[in-house]
Amino acid sequence: MGFGDMFSLVNGIIILTFVLIIPTLLIIVFVAASKVIKRYLKNGKLIEEKLRMELDERQKLEHRVTELENQLKIKQK
């Protein structure tokens, strides 16, 4: 095996690294990042839904308090 063959082998390994390994790593990183982003978006939607339900419940309670206050005013008259 001569020096030229060794040089070709090293060049082949370097080319394989750039052609196969680096794009594969980039794809893995992209997929992992998109999963993390998706999870955060899902958590945000769940929190938004919970807050919306709490607001709805609070509005119902406020409406009920207003009704009871009005009934109390009528009874006091």
Side-chain angles (χ1 to χ4, degrees):
M1 189 174 218
F3 181 71
D5 293 336
M6 193 76 103
F7 188 72
S8 295
L9 181 66
V10 171
N11 274 346
I13 292 172
I14 291 172
I15 289 171
L16 277 178
T17 301
F18 282 108
V19 171
L20 295 177
I21 296 174
I22 292 177
T24 303
L25 290 176
L26 288 175
I27 290 170
I28 291 170
V29 168
F30 176 75
V31 169
S34 61
K35 285 185 179 184
V36 169
I37 291 170
K38 190 175 183 181
R39 185 181 332 141
Y40 279 117
L41 289 175
K42 183 178 179 183
N43 287 343
K45 287 181 182 179
L46 291 175
I47 291 171
E48 181 182 352
E49 183 178 336
K50 180 181 175 186
L51 289 174
R52 191 174 290 134
M53 289 173 57
E54 288 177 1
L55 178 63
D56 186 44
E57 185 177 325
R58 181 176 175 172
Q59 288 174 341
K60 287 179 183 177
L61 288 173
E62 287 176 352
H63 182 68
R64 180 73 180 138
V65 167
T66 304
E67 287 178 354
L68 291 173
E69 285 175 344
N70 289 339
Q71 288 177 2
L72 183 64
K73 286 179 185 177
I74 291 173
K75 286 183 181 180
Q76 286 178 350
K77 289 184 179 181

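In this text, all values refer to a predicted model and were calculated from it rather than measured experimentally.
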* **Exceeds 12 heavy-atom contacts within 6.0 angstrom, atom CD of Glu54** => yes
Can you check side-chain contact (heavy atoms from CB on, under 4.5 Å) on Lys50 and Leu46, steps first, answer last?
CA-CA 6 Å; Lys50 180 181 175 186; Leu46 291 175; over 6 Å; no
d(Leu41 CG, Ser34 OG) to nearest 0.5 Å is 11.0 Å
Rounding to 0.5 Å, atoms CD (Glu57) and CG (Leu55) come to a distance of 10.5 Å
From the list Lys60, Arg58, Arg64, side-chain hydrogen bond (donor to acceptor under 3.5 Å, both in side chains) with Glu62 holds only for Arg58
Discussion item. So Asn11 and Phe7, do their side chains get closer than 4.5 Å, heavy atoms only?
Written reply: yes
Rounded to the nearest 0.5 angstrom, the CG-OG1 distance for Leu61 and Thr66 is 10.5 Å
Separation between CD1 (Ile27) and CD1 (Ile22), nearest 0.5 Å, reads 12.5 Å
Side-chain heavy-atom pair Gln76, Leu72 within 4.5 angstrom cut-off:
yes
**Q.** Gln59 and His63 side chains, donor-acceptor separation under 3.5 Å
**A.** no
When rounded to the nearest 0.5 Å, the distance separating CG of Leu25 from OG1 of Thr17 is 10.0 Å
Between the CG atom in Leu26 and the CD1 atom in Ile21, the distance rounded to the nearest 0.5 Å is 12.0 Å
Connected to Val36, directly or through other members, by ILVMFWY side-chain contacts below 4.5 Å are Tyr40
Item to complete: Give the C-alpha distance, both sets of side-chain angles, the deciding distance and a yes or no for salt bridge (charged side-chain N to carboxylate O under 4.0 Å, His left out) between Glu69 and Lys73.
Response: CA-CA 6 Å; Glu69 285 175 344; Lys73 286 179 185 177; 5.8 Å; no
